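Note that the structure is predicted; figures quoted are calculated from it, not measured.
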Amino acid sequence: MSLHKQFSRRNSSSLALAAALAAVPSFAFAQDAAPVDDPKQDQAIIVTGFRASLESAVNKKKRAEQIVESVSAEDIGKLPDASIAESIARLPGLTSQRVNGRSNAISIRGFAPDFSTTLLNGREQTSTGDNRAVEYDQYPSEVINAVNVYKTPMASLVGQGLSGTVDMRTIRPLDTGKRIVTVGARGVYADLGKLNKGSDDKGFRVNGMYVDQFANDTLGIALGASYNDEPYQVQEFNSWGYADAADGNKVIGGSKSYNTSSKLKRLGLNGTLQWRPSANFTSTIDAFYSNFKDDQIKRGIELPLYWSSATLDPGYTVEDGLINSGSFSNVKGVLRNDVFQRHAKLYSFGWNNEWKGDDGWTAMFDASYSKTDRNELTIESYSGTGRAGEGATDTIGFTSAARGTTFTHDLDYGDWSQILLTSPQGWGGTQIGTDGTAIYGGQDGYYNNRKIKDELWQFRTEVKKELDSSFLSSIQAGMNYTSHSKTLVPEEYFLGLAANTDGTVSVEVPEQYRLGTTNLKYLGLGNVISYNPLDLIRDGIYNLVPNPTGDVVSKGYAIREKLMTGYLQANIKSQIGAAELTGNVGVQAIWTDQNSSGGSAAPNLDPVTGEQILNPNGSPSYFYATRRSSTDYLDVLPSLNLSLRFPSDFVVRFAAAREIIRPRLDDMRASLEYGYTFTDGVAVVTGSSGNPDLRPWRANALDLTFEKYFAAKGYIAAQFFWKELKSYIYNQDVVIDSSTLALPDPGNGYTVSPIAVINVPVNGQGGKLYGVEVAGTLPFDAFTSALSGFGVTGSVAYTQSKIHPMPGEAASALPGYSKWVANGTAFFEKWGFNLRGSVRYRSTFIGEVSGFAANRQRRRAQPETIVDAQIGYDFQPGSALEGLSLYIQGQNLTNAPFVTTNPGDSRQIIDYQRYGARYLAGFTYKF
């Protein structure tokens, strides 16, 4: 009996169970997935209940030809998750990094997200991030039917990554074979409360799905929608770093800490129209739309301490070289009311046509388009007791401990008459913008708006022939063309008070903009004034003064890639004694043509004095030039996947492949920022740039797995993998011919050196990464009926890195790399009740956090353990509420923080972020 028929005969309340599963424990995982070109197999994962979906995953794992992890349809298609990443982060060898309390990017086998790619229905997608890695909170889990994570490539898998390839699948209505109508809703509570004035600690999500077939099952439609409005709260300590005090001990150099409140709103729509006029031909149109808004307010105090004019007072205490308590006098704090807004719209369309002939021939044509428009706005707004050199200073006591640094203070930072809009430290000094407007006596804030457009076209065709052979079951060949372009346009302004015309004016926040105070009790800093800087900009309290410096120009870029991929793959099926050998062998050839353009800027210098020339309006003059560069190259990627299947339910798999991942897009930019270093009458050009000639990361990979199955309900598996990176991308100073650059006159009689020293990303030596993953799913009733309903599922992965991201840097410093990754879920499901508890662990790793201007910063993150749980009930057949499922769920129950430290001393805390626990209650109903 097919799974579809089983599905139709089971009660609908069992179906609703899957919709009620928790974000952590709600997943069915195993090494399984249908091939990209076989959507029918994907639909076979529609099962009833968590245990049934686990059994389906086990059986699919057994049939799979690649080494693949999978989350089954009912678990993720109706999962009440913050993002898909929350579920797939618990697959063997996978993990995630939390940002603002939620997972939105995935690391596979110790590699950062940049080393993997993500597909939607087998098609490449644009990203809401700066590079290629997809941020999963863009995709509502309710509209996704399955997620397959391919750990080994095959020739017919286009758009594959080096560490792995994630393929998200939406439902196929004709393959479902029945009408499905589901609705669901949930409420969420963040237990840190309303950290900022005007923020929320409660939110909601609603969703619905409709699937039906018409015209004698020749026409099918699937429509899904999800809307969420959910808050996230973070208590966020951040240290500038740790300075060398006069006595040689380390001491905190400064602090920038916040209460951060986010509101995530997302509308996700998905539609599929399928037409099958005959058994031989199917045409499918997919459409996906996401409107994503992440609005954030950050309120806190920046305290310049040792790295400022403040004084470290005598009487401090020292422990093993770290000054862990004491006080600073003459501290001029900078109160911060900052805004961060990330708005993105993602569009994805696909059209697939497949012909299956009666003579064993199959042909396919697929066309797709993906586009992302993203706007990322960061606003800093400063206040304090007066401009630099004016106003009261404070005496700040400090205690540095395992949770960061806490403080004591004398001033009242919530006093509206004492805390004024101003530039307390005079940062930036006097600046005259390109339009002639000016700030005086330091900036009162900063405005950074980044506009990103990402567009991708993909066209693919394939033919396949079934063979009557004792060794090969079929052979397939195809061509794929991809055109991908991405642009970044930065807009940066200084904020200047309109009333400050001479560099001496500070102003009180007008009463109509006062939002009360925010309490920084976890830092010991008391109340701080609260307002929305967007309101002050809108009403002219602040002027926007264009940043006149040339580095703004050099941040922008436009990159275009054109890839032509051809592949040939033979599929294997043969008897070897009592065992069966299956798999595939093939080769993929990719011709890449990459083009990059950007700008360069350098100060225009007076040829006599050597000083920077000013424009007529008083702004500094720069020499601008456009840079363009292109290159092309060929990659040939052979691959082999073999599975030896024994009658004893034992499977041995082996895979070997050449793998690549294309460079980060910002590393390929042609933009150049440079200046002159003067010595002995010679002007030497120094600066930094991207590298338009950059080649991909390339690796040779081997995989070997051993799998044992139990009564078609459970399994245990050991996966061994080895990757040798033949190249790795890191930054290095390179010497180039300065005559290839457009350069201004250095002035003052200096001669330009014939060589320029530019820091650029380069393809260098690689290294090795290897490890083992042990995974299993064990329903206890496979061993004894007395434990029916109970079971466990989970994995442990150990990875050893011999890759050096930078020459001379430790091998373990690979971004995203954790030596140990583990997860486990214990569950009970019977009589309509379902209970689960889940634990996820990763050891220390290099995490990426966002700095000012959204530039990435790498920091050593401490180990973390995340605990989640859920209890739910499905109303049983015959009850008046049959089809209804209820659940209560807790996420991050132990309030596990995200912590980063200075390398070499884990006591020197850089980031200590508390996210709190999240509690959810909701329902799903299937008609």
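- Remark: side-chain polar atoms of T517 are not paired, donor with acceptor, to backbone N or O of I529 under 3.5 angstrom.
- No side-chain donor from either of Y242 and S400 sits under 3.5 Å from a side-chain acceptor of the other.
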List the steps, then state whether salt bridge (Lys or Arg N to Asp or Glu O under 4.0 Å) holds for D191 with R918.
CA-CA 6 Å; D191 78 340; R918 293 173 66 81; over 6 Å; no
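- A ring-centre distance under 6.0 Å is not found for Y912 and F237.
- Put simply, CG on D410 and CD1 on I396 are 7.5 Å apart, with the number rounded to the nearest 0.5 Å.
- Every residue meeting the salt bridge (Lys or Arg N to Asp or Glu O under 4.0 Å) condition with E508, not counting sequence neighbours, appears here in chain and number order: R514.
- A cation-pi arrangement is found for K298 relative to Y258, the charged atom lying closer than 6.0 Å to the ring centre and inside a 45° cone about the ring normal.
- Among residues two or more places apart in sequence or in another chain, the side chain to side chain contact (heavy atoms under 4.5 Å, CB included) test is passed with D313 by T311, S327, S329, T395.
- Here K453 pairs with D373 under the salt bridge (Lys or Arg N to Asp or Glu O under 4.0 Å) rule; sequence neighbours left out.
- Ion pairing of R342 with E135 is present here, as a side-chain N (NZ or NE/NH1/NH2) and a carboxylate O approach within less than 4.0 Å.
- Residues that satisfy the side chain to side chain contact (heavy atoms under 4.5 Å, CB included) test with T408, not counting sequence neighbours, are absent from this structure.
- Residues forming a ring-ring contact (aromatic ring centres under 6.0 Å, His included) with F328 (at least two apart in sequence, or on another chain): F398.
- Under 3.5 Å, the side chains of Y289 and N291 contain a donor-acceptor pair of N or O atoms.
- In this structure the side chain of S383 never reaches within 4.5 angstrom of the side chain of V509, judged on heavy atoms.
- A donor and an acceptor atom, one from each side chain of Y136 and S96, are nowhere located under 3.5 Å apart.
- By the salt bridge (Lys or Arg N to Asp or Glu O under 4.0 Å) test, K486 pairs with D454, sequence neighbours left out.
- Seen from the ring of Y915, R98 does not count as a face-on cation partner, given the 6.0 Å and 45° thresholds.
- For R102 and D294, the salt-bridge test passes: some basic side-chain N is under 4.0 Å from an acidic carboxylate O.
- Between the side chains of N324 and T317, at least one donor N or O sits under 3.5 Å from an acceptor N or O.
- Under the 3.5 Å distance criterion, the side-chain polar atoms of Q425 are matched with a main-chain donor or acceptor of K332.
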Please step through salt bridge (Lys or Arg N to Asp or Glu O under 4.0 Å) for the pair D905 and R907, ending with a clear verdict.
CA-CA 5 Å; D905 191 345; R907 299 174 305 160; 3.1 Å; yes
Go through the steps to decide whether D666 and K555 satisfy the test salt bridge (Lys or Arg N to Asp or Glu O under 4.0 Å), and finish with yes or no.
CA-CA 9 Å; D666 55 359; K555 293 174 185 176; over 6 Å; no
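- By the neighbour-count criterion of 12 heavy atoms within 6.0 Å, atom CD of E511 is sparsely surrounded, having that number or fewer from other residues, nucleotides or ligands.
- Ring centers of W427 and Y446: at least 6.0 Å apart, outside the cut-off.
- With T901 contributing its side chain and Q908 its backbone, the two residues share no donor-acceptor pair below 3.5 Å.
- Using modelled atom types and a 3.5 Å distance limit, the side chains of D412 and N527 yield no donor-acceptor pair.
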I would like to know whether Q233 and S261 meet side chain to side chain donor-acceptor pair (under 3.5 Å); could you show each step before the answer?
CA-CA 5 Å; Q233 304 283 352; S261 301; 2.5 Å; yes
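- Side-chain contact check for Y316 and N249: no donor-acceptor pair (N or O, by modelled atom type) lies under 3.5 Å.
- Ionic pairing of D229 and K263 is present here: one or more N-O contacts between side-chain nitrogen and carboxylate oxygen are shorter than 4.0 angstrom.
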